[in-house]
Amino acid sequence: MSNMVQAIRMALHVAEERHDLTDVFGEDVGPPLGGAFTATQGIKCAWNTPLDERGIVGASIGLGLAGCRNVGEIQFCDYAYNTIDLLKLAGMMYWVSNGDWNLPMTIMTPVGSGIRGSIYHSHSFDATATHIPGFKIAMPSTPRDAYGLLLSCIVDPNPCFFLVPKALMRVRNAPGEEIPGEPGDDRALSKLIDAPLGDRSKWQPQWPETPDLFVPFGEGRTVRKGRDVTVVSYGRTLPLCAKAAEELSQENLDVEVIDLRSLWPYDWERVKESVSRTGRVLFVNEDTEVTNFGEHLVRRTTDELFYHLAAPPKLLAGAFVPGIGLADNLEMASVPQLPSIRAAIAELAVMEA
Amino acid sequence: MSNMVQAIRMALHVAEERHDLTDVFGEDVGPPLGGAFTATQGIKCAWNTPLDERGIVGASIGLGLAGCRNVGEIQFCDYAYNTIDLLKLAGMMYWVSNGDWNLPMTIMTPVGSGIRGSIYHSHSFDATATHIPGFKIAMPSTPRDAYGLLLSCIVDPNPCFFLVPKALMRVRNAPGEEIPGEPGDDRALSKLIDAPLGDRSKWQPQWPETPDLFVPFGEGRTVRKGRDVTVVSYGRTLPLCAKAAEELSQENLDVEVIDLRSLWPYDWERVKESVSRTGRVLFVNEDTEVTNFGEHLVRRTTDELFYHLAAPPKLLAGAFVPGIGLADNLEMASVPQLPSIRAAIAELAVMEA
Amino acid sequence: MSTNLRPVPSAPESQISPELLLRMHELMVKARALEERLIHMYKQGDGYFWIGGPGEEAFNVPLGMLVQKGRGPQFDYCHFHYRNSGTWLAMGGDPIDSLRQMKNTVTDPFSGGRNFVGHYSRREWNVVPVSSPIEVQHSMAPGTALAQKRAGGRGITIVTGGDAGTAEGDFSTCLIWSSRPANLLPVLMIVTNNKWGISTAYQGQHGEKRISERGKAFGIESKTIDGNDPETSYREIAQAMEYVRSERKPFLLEAMVSRLYGHSSASGANRMTDEADCLVGFERKLEERGLRSRKEMDDLRARFTAQLQEAHKKVRDEPQPDGKTIHDNIFADRDLVREN
Amino acid sequence: MSTNLRPVPSAPESQISPELLLRMHELMVKARALEERLIHMYKQGDGYFWIGGPGEEAFNVPLGMLVQKGRGPQFDYCHFHYRNSGTWLAMGGDPIDSLRQMKNTVTDPFSGGRNFVGHYSRREWNVVPVSSPIEVQHSMAPGTALAQKRAGGRGITIVTGGDAGTAEGDFSTCLIWSSRPANLLPVLMIVTNNKWGISTAYQGQHGEKRISERGKAFGIESKTIDGNDPETSYREIAQAMEYVRSERKPFLLEAMVSRLYGHSSASGANRMTDEADCLVGFERKLEERGLRSRKEMDDLRARFTAQLQEAHKKVRDEPQPDGKTIHDNIFADRDLVREN
Ligand SMILES: Cc1ncc(C[n+]2csc(CCOP(=O)(O)OP(=O)(O)O)c2C)c(N)n1
Ligand SMILES: Cc1ncc(C[n+]2csc(CCOP(=O)(O)OP(=O)(O)O)c2C)c(N)n1
Ligand SMILES: [Mg+2]
Ligand SMILES: [Mg+2]
């Protein structure tokens, strides 16, 4: 069964074979490495760019303008912050030309903490991305969703962000959630599509037959049904929320967990329906907590559901500090972890109405 | 009495004379123009840079590291979006060196709508700025506050943003709120410190004697006291909020209006005290409304004041569109205007508890 | 002006046919008349902001005449900046559309009243939306050129910008990405050097003798030409284009031009007397060579002026966009750029 | 390797004194031993990530020996990247501090356990915090150089970076801002060219014959040297520095170096056999010239290795920072950089 990088690779393969994906490019994306996280190994249309993120985003726009479906990678989202103007331009291309020039392009980039990446390899990008109008934004928490969301990004006629939680790169699907067609055995799959160590010049991947499986934008997933509290998250913190919910079920707390999966557009109907039932909602993400996308969700909740609330809507997010420090203690204290998530849910569950 | 650009100019003059300001620089900031909005006319240490915003922010950091208090201008905040990485670095300099290298620097930039600047001269920057840890952020709505806040930025040992609402550049102080020492007569002041048309090579400004007058960070201003609703704003929308409050007072609505003045740190105590009394709060700004700083303020309000609220805390902000269109109708529909602000307050005032 | 900017020697005698010269002249006059009308509109309050290319016609018109216009990678992609009105007209653009954008009417075909004047855009002609942020087009240009290189054929990518703008990293990005040994790209990089960036003079900011020399380190063919002479411009652009089309390699062309009405309406949009006027020089030549008389030229000018006046009247009555439309066209539901 | 990168001829016979050569050798050995210890720590799990400069000692050590170290504009400002451990040691840095940063202990004097190893910072020595984002230091360097130009004296700004990083616009920013005719700046720009950016080979990405040629268009003195030869490096750096110190103008120095343990721990941090080892070459010379025997050199190496082993043991017991401290030192309340 695939892990998330393998799922990404398979989606890229399917897209270059069947959906006219012409270019996958970025720093170290082509041979011999196939990406800092190996997500682009074996992809025929993958190539290495100069070390220049502005060039990468610019080329992605240019290719899109020329009708080429493409995926430009920023090696770590931390290195996208000198390109926000270009991203904003991409997001406005269709609007500014009043519907004349649409722009198919995908910016793929690893986000978030979890690998002790220290200050410049731990950033989140969801707050920044959701403040850029005109982009669709996907952020999977399972390999299968990564596969389906990336395919949706690639065929979409608009600019898309595909944000990959670093911490989940090696996580595998839950049983029963395989990508159809992939071998069930991890070792078997690895043999087929992981590049060997050492000389790779003669290596050819053997792709399993996997189908078109699009996870549409704007469709979240209820990971766990519950009556008492709604928890809405995405990316690295999502499995932690699910775990916390499971643990709390032993304390007689019935927690509903929603994986947003796509941040723009997002599945407000699902959130609304759930919060209307539970009256309590916790939003969890790991971006720094001031001017955070979770605050948007809190605002929308108070806007539309104020009179349904049994307790204040809450946000648990990253500390407002300049970076995530390297030492274990520093990273753990900077972004939500299982204990802090569990505590936040438990606290919210008993707040007076 | 000075308008806001003149007040900025006087503050820069005072700072270069008495507070070791060594450099004011940016595109067209030096002679002959003295800034796209004339804010740097007559400043001795003002000079023109290459057309390169990354160079401007970088030089500001470098100068600050070398102990030079400096003001780097980005001609329009719309052109700062390729420098967010550098701004983030500036904001983390003290933290990453664990207290060894502080960084005195000020980035000054005009923000917001109001001059029919179309897509690339109408951006707001408050959402972006408040998401960058390590910066102090000032945003005046009166010339006197501009004077006092800019001086506070310049002498601060940390990186500061000085965000100037374009729409208020030519607005004058209310009577009684002059900068001490400035001539009361507009024409007299203009003669002293506005550069003449035509050849300026021999022109010398005659500066009035104005005092050190620091508006501290984190101190808002209650522009109008009121019992029924609290309105919190800053920049271009602040005077509109005050106007709306005045108009609504004729409909027997008693609206309190707070000018935040500094967005980080911000005067939460003042907001809290007010909202605790009124139970109703509207935040108003013109940045696009998704992942907006006003959403942070809404979140903090629900976090700390949920049980004091008589109605949901509200945000009125810019529409989530890729840019502000040129045509009058488009600009008016994109960002809050007097009628929409008045309507939002009136609606909030009668919302059921 | 520093000695860095000594005048560029003009090219040898023209081989350009009289018909072509006359066509070029007509377009230059038309372009000038358009800019003057736009300035007039601004001064009358029929528009909030003017920016354009009066003074650059001798370069921009030949450029537009030489563009291979069409849709898709077999044709030229144009990444213009805000001074390319002459190019646009020479490509066949209708001047009334510029007036519409000036007046931000809903009929503005480039942006529907959303964007500033001179910010052209047309998918049918591979003209990508002009954006105000300086030089960003240079980071996008390698992308369209990549598609063209792969597609084969003779389509090239043309990117234009000013002298001051070359200080942005994007200019360097374009040099680097176009000259990668792994994939040389058919990009024609054009710098129109008017020796100013708004109020900032060239000489204090540029250590380069010539901006075109920045191509050399990358092995990029480069040249600086007198953009005030339309014959030189035509020949040099044609030559550079032929190189890019056939060699599939980049070329950096710097053209020395004039800025006849200052930077934009922000600096008053008044006629400068200290800048050479390419139209005056060219008309003198045409007269001397007996190709067009003063009277014919005056008539031509009068005709365009009258047409534009008519157009102005027409545009004045066209509707403004509705405020509710700000939410239109944020997301596309069809891949228009790939449809044929 | 493409012919672009033909070996750089070495400089003529050395005038460097034997004492200096021996000192240089000692520091090179120390630097290598430090990097090997750090890699060892990584492999033992005493640190999450390793990056450093093994293979660049022949250039980095002379550089550090020549830095005028101190605080404020009369001294040199150092904007380093993550491969400057040899420079740091040659400036007088204590190797144990690098181990502390490797192990992210609270005693790490550069960042208190916040930043990756090799990310030096010390205000007392004008060493500004090394940051991981490639090339941003090049946009900051003109700022410190501006302060130095104004202050007078002989202080210069030194900025280092790799070959691949020169593709970022910041490299171009540094060229442009340093060579402005309005204010030429005392910046020594250094490119250590190891012919790789992680897994991406130089030759596919660089149209330049030599990176140093990018200075030429700007009138910047430039040179490419053999950074694997410490004598050449010392002489060339000294010469370039003298030029920058006295002329108050920029200089672009490209040094060809080796990458002995790959990019970082992310690529395994294993010894490469296909890269020239500057230490081996230098030691052969010293032996031939009778300046230091093999035995003396082995002893030296053993001594440093033992010292570092001790230091490692010590650091292992030093405390980690407390999670609560993440909020410390976000804002300063005093202007430390201006206090004397
Ligand atoms: C990124 C960016 N920074 C600043 C500006 C403001 N601005 C508009 S035009 C201009 C000067 C451009 O000079 P140049 O590149 O020489 O072109 P010219 O206008 O002279 O043709 C400036 C600074 C901008 N539009 N974009
Ligand atoms: C802005 C940015 N983009 C990408 C990276 C990831 N990265 C780290 S080192 C590196 C390669 C650097 O190559 P070069 O500049 O030649 O320096 P070297 O490591 O070879 O000394 C890359 C791509 C980064 N740190 N910063
Ligand atoms: Mg110019
Ligand atoms: Mg390298």
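Please read these numbers as outputs of a predicted model, since none were measured by experiment. Both backbone and side-chain heavy atoms feed into the values below; hydrogens, waters and symmetry mates do not. Convention: sequence-line order gives letters A, B, ...; per-chain numbering from 1.
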Enquirer: For residues G91(A) and P322(B), report the shortest heavy-atom separation together with the two atoms involved.
Expert: O-CG, 3.9 Å
Enquirer: Hey, could you give me the CD1/CG distance between I84(A) and N82(B), rounded to the nearest 0.5 Å?
Expert: 10.0 Å
Enquirer: Nearest heavy-atom pair of Y307(B) and P312(A): which atoms, and what distance?
Expert: OH-CD, 3.3 Å
Enquirer: What pairs of residues pass the salt bridge (charged side-chain N to carboxylate O under 4.0 Å, His left out) test when at least one of them lies in residues 321-331 of chain B, not counting sequence neighbours?
Expert: R116(B)-D328(B), R116(B)-E331(B)
Enquirer: Enter the distance from K88(B):NZ to D78(A):CG here, rounded to the nearest 0.5 Å.
Expert: 8.0 Å
Enquirer: Quick one: which residues of residues 117-124 of chain B reach chain A at under 4.5 angstrom, heavy atoms only?
Expert: I119(B), Y120(B), H123(B)
Enquirer: Taking V290(A), V298(A), N292(A), L87(A) one by one, which has the highest count of heavy-atom pairs under 4.5 Å against chain B?
Expert: V290(A)
Enquirer: With a 4.5 angstrom heavy-atom cut-off, could you sort out which part of T130(B) is near chain A: side chain, backbone, both or neither?
Expert: both
Enquirer: For chain B, find which of M93(A), R300(A), E289(A) contributes the most heavy-atom pairs closer than 4.5 angstrom.
Expert: E289(A)
Enquirer: Heavy-atom distances under 4.5 Å only: say whether T302(A) touches chain B with side chain, backbone, both or neither.
Expert: both
Enquirer: Could you give the distance from CD (E295(A)) to CD (E295(B)), rounded to the nearest 0.5 Å?
Expert: 7.5 Å
Enquirer: Which residues satisfy the ring-ring contact (aromatic ring centres under 6.0 Å, His included) test with F162(A), sequence neighbours excluded?
Expert: none
Enquirer: Just jot down the ring-ring contact (aromatic ring centres under 6.0 Å, His included) partners of W264(B), sequence neighbours excluded, or say none.
Expert: F320(A), Y266(B)
Enquirer: Picking from T83(B), V321(B), T291(B), which has the most non-hydrogen pairs under 4.5 angstrom with chain A?
Expert: T291(B)
Enquirer: Non-hydrogen atoms of chain B under 4.5 Å away: do they reach the side chain of L89(A), the backbone, both or neither?
Expert: side chain
Enquirer: Among K314(B), R299(B), M92(B), which residue forms the greatest number of heavy-atom pairs with chain A at distances under 4.5 Å?
Expert: R299(B)
Enquirer: Between Y94(B), W95(B), Y79(B), which shows the greatest number of heavy-atom pairs under 4.5 Å with chain A?
Expert: W95(B)
Enquirer: Examine whether an atom of D287(B) lies under 4.5 Å from a heavy atom of chain A, and if so say whether it belongs to the side chain, the backbone or both; otherwise answer neither.
Expert: side chain
Enquirer: Would you check if L309(B) and F306(A) make a side-chain contact, meaning some heavy-atom pair closer than 4.5 Å?
Expert: yes
